[in-house]
**Student:** 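Below is the structure I would like to discuss, written out as structure tokens.
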Amino acid sequence: MQKLSLPKNLSFILFVGFLIIYLLPGIYGHTPWKQDENYSFGIIQTMFETGNWLVPTNAGEPFMEKPPLYYWVATITSHLLSGFMPLYDAARSASLLFMVVNFSFFILLARRAFNTNDFNDKRIWIAFALYVCAPGILRHSHDMFTDVALITGATIGLYGIQGLIRQEKIIMSALWLMIGTVITMLSKGLFVPGVLWLSLLLAPIFLPQCRQKMFWLPAIIAGLVALLLILPWPILLYRQHPDLFITWIWENNIGRFLGFSVEKLGAKANLTRIPSAVAFFALPSGILAVLYFFRNPLKRLHNPNIYLVTMFPLLGILLLQISASGRALYLLPFIASLAILGTHPLLRLPEKILRIFSHFSAMLWSLLIIFLWACYFVALADKASTWLAPFGRWLPMSYQMSFSIWGFIGALLLTTVWFSRSLFVSPQIALRAIQNWALGMCIVWGVILSLFVGWIDYSKGFETVFVDLNQQLKGNYKADDCMASDNIGESEAPMLYYYTKILHQRQDRFEKPEQCRWLIVLSKQINPPPSGMTLFWTNHRPDEFTENLVVYKAIE
């Protein structure tokens, strides 16, 4: 296989530079966004303020969907960084930390999967470009939620198992397997570590070298040590809060898969969600990997270099397809394997097709970047409602764009990187083609999150709503008051507390509270006040007319 000739350490320098422009836009500079970030931030803020690290608690209510590893790390980053930035940005720094680790271990995993010691091997960087340009990875690697820890743990665990398969650095490989198992289990539960270990247990069926003591002994030791590190949290949870332990293990793990808790918890699966996620959420890795696998599936499984990156997503996709609960983001831990697998067919594409794709990518992203700058200046000129009305489906036209020097400089630097990319992209056609696609997608993301982050935040955040409520409550809400709630969701409750310092008291019925003078309601329409109360305030996120927040006050 031809290798790309690069000066020593240039690959590392380009890798670090890419992580900066890929990860920083979107990590900082905005409030928590609905849906997953709001409850995640609520849990982190509770840990930050109370020091209760055992029970994930969102705005006064236990939230047992996921174990607390991500929240622990985010609480630590909050303590370290909240003096320099808003608490939500400090908490979201945990995602930055996890994704740097994840991408670093992806490079190591790809090197092992391609059986090379040369970090300049073009296959590694093709796989990396395929990985980072997957829409699911680009979108969710910037989110403040547990899945960024989950995919990091999965990548580390895969790296360890691949080392055991190749019988390479066995002690360290077992260590990485152990660490990956702990991270995945304490990030989101049983499913992903289960698929990791099932892939390992099936390895001897296809690979003769995995039937030896040198494979099994370190794997067993890694599993036992991982179990010792995992068990303290669920044991302590069971001893102190057995009901919450049952909610976590039975309803959120087993119940979601078998289906008996889906009606209560949501995320009901359908037959097309996972296949469409493979095709679009993991684009183009998913399609390339599926085509490569089906050309000769048994050959893939008997190849020690690609057995793991074949079996792991194969089992994951099959199990997700039969699970009663499904979301596209459940595919996130498997995209790394799909990207490595998808590298093989991409390298076999005719040079003419690769050149056409490379030119298409360069043209598409260049035009889109120019278009984004034009939209920015139109919005600055207060002409958005006239010229940008078609985008009102996603962005409220009521927003008043203001000039941000840092956003402008950031977008300008990213644009400069794109139009000077010939200085550092590969001359090798296969790598250049996917680099143009991945870099262009990254730059467009960065320009959007630099120039328009305030507008997006206005649409997806709750700041304007609850800042307004806090101002209205001043002089009316007394120190000994309390606020009951009806139908307040996991996203609204933590934002109510963050902006007003009010912990709601759920009553789940629309009537005057027995103990509180105040009642806050989330409803599709503004209902007449309950008997003995009067309408005090109402608001909603921009253009979200069916999600009205309404506050009623007792008549004195």
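Here, residue 1 is the first one in the sequence, and each next residue gets the next number.
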**Student:** Do the two ring centres, one from Trp125 and one from Phe18, sit under 6.0 Å apart?
**Tutor:** no
**Student:** Given the side-chain rings of Tyr497 and His504, with only the six-membered ring counted for Trp, is the space between their centroids under 6.0 Å?
**Tutor:** no
**Student:** Taking atom CZ as the centre, does Arg393 end up with more than 12 heavy-atom neighbours from other residues, nucleotides or ligands that are less than 6.0 angstrom away?
**Tutor:** no
**Student:** Kindly determine whether Lys34 and Glu492 satisfy salt bridge (Lys or Arg N to Asp or Glu O under 4.0 Å), including the steps that lead there.
**Tutor:** CA-CA 9 Å; Lys34 193 176 182 178; Glu492 293 80 14; 3.4 Å; yes
**Student:** Tell me, do Tyr22 and Leu138 make a side-chain contact under 4.5 Å, heavy atoms counted?
**Tutor:** yes
**Student:** Drop me the distance from Leu314's CG to Leu319's CG, to the nearest 0.5 angstrom.
**Tutor:** 9.0 Å
**Student:** I'd like to know if Glu251 and Arg256 make a salt bridge, using a cut-off of under 4.0 Å between side-chain N and carboxylate O.
**Tutor:** no
**Student:** Indicate, with yes or no, if the rings of Tyr498 and Phe466 have centres closer together than 6.0 Å.
**Tutor:** no
**Student:** What do you reckon, are the aromatic ring centroids of Phe245 and Trp250 less than 6.0 Å apart?
**Tutor:** no
**Student:** Quick check: do Ile306 and Leu341 have side-chain heavy atoms less than 4.5 Å from each other?
**Tutor:** yes
**Student:** Just wondering, are more than 12 heavy atoms of other shown residues or ligands nearer than 6.0 Å to CZ in Phe15?
**Tutor:** yes
**Student:** Can you tell me how far CG of Leu19 sits from CE of Met99, rounded to the nearest 0.5 angstrom?
**Tutor:** 9.0 Å
**Student:** Between atom OG of Ser358 and atom CD of Gln435, what is the distance when rounded to the nearest 0.5 Å?
**Tutor:** 9.5 Å
**Student:** Does the cation-pi check pass for Arg541 over Phe462, that is, NZ or CZ under 6.0 Å from the six-membered ring centre and within 45° of its axis?
**Tutor:** yes
**Student:** Rounded to the nearest 0.5 Å, what separates atom CG in Leu158 from atom CD1 in Ile151?
**Tutor:** 12.0 Å
**Student:** Could you check whether Arg112 makes a cation-pi contact with Tyr159, meaning its NZ or CZ is under 6.0 Å from the centre of the six-membered ring and within 45° of the ring axis?
**Tutor:** yes
**Student:** Looking at residues at least two apart in the chain, or sitting in another chain, which of them share a side chain to side chain contact (heavy atoms under 4.5 Å, CB included) with Ser187?
**Tutor:** Leu69, Ala149, Leu150, Ile183
**Student:** Holding to ring pair (Phe, Tyr, Trp, His ring centres under 6.0 Å), I want the full list of residues that pass it with Tyr131, two or more places apart in sequence or in another chain.
**Tutor:** Phe103, Phe106
**Student:** Working note: Glu37 + Arg92, criterion salt bridge (Lys or Arg N to Asp or Glu O under 4.0 Å); need CA distance, chi angles, decisive distance, verdict.
**Tutor:** CA-CA 9 Å; Glu37 283 205 330; Arg92 203 181 289 111; 3.0 Å; yes
**Student:** Report yes if some heavy atom in the side chain of Thr343 is under 4.5 Å from a heavy atom in the side chain of Tyr292; otherwise report no.
**Tutor:** no
**Student:** Pick one: which of Phe371, Trp437, Phe360 meets ring-ring contact (aromatic ring centres under 6.0 Å, His included) with Trp365?
**Tutor:** Trp437
**Student:** Aromatic ring centroids of Tyr28 and His142 under 6.0 Å?
**Tutor:** no
**Student:** In Å, rounded to the nearest 0.5 Å, how long is the span from CG of Leu96 to CG of Leu24?
**Tutor:** 6.0 Å
**Student:** Between Asp457 and Thr31, is a side-chain hydrogen bond (donor to acceptor under 3.5 Å, both in side chains) present by the stated rule, with each step listed?
**Tutor:** CA-CA 7 Å; Asp457 194 30; Thr31 62; 2.6 Å; yes
**Student:** Between Phe63 and Tyr39, does the ring centre distance come in under 6.0 Å?
**Tutor:** yes
**Student:** Taking the six-membered ring for Trp, are His302 and Tyr307 ring centroids under 6.0 Å apart?
**Tutor:** no
**Student:** Does Trp248 have its ring centroid less than 6.0 Å away from the ring centroid of Trp233?
**Tutor:** yes
**Student:** Measure the CZ-OG distance between Arg273 and Ser323 for me, rounded to the nearest 0.5 Å.
**Tutor:** 10.5 Å
**Student:** How would you list all residue pairs meeting salt bridge (charged side-chain N to carboxylate O under 4.0 Å, His left out) that involve residues 142-155, not counting sequence neighbours?
**Tutor:** Arg139-Asp143, Asp147-Lys188
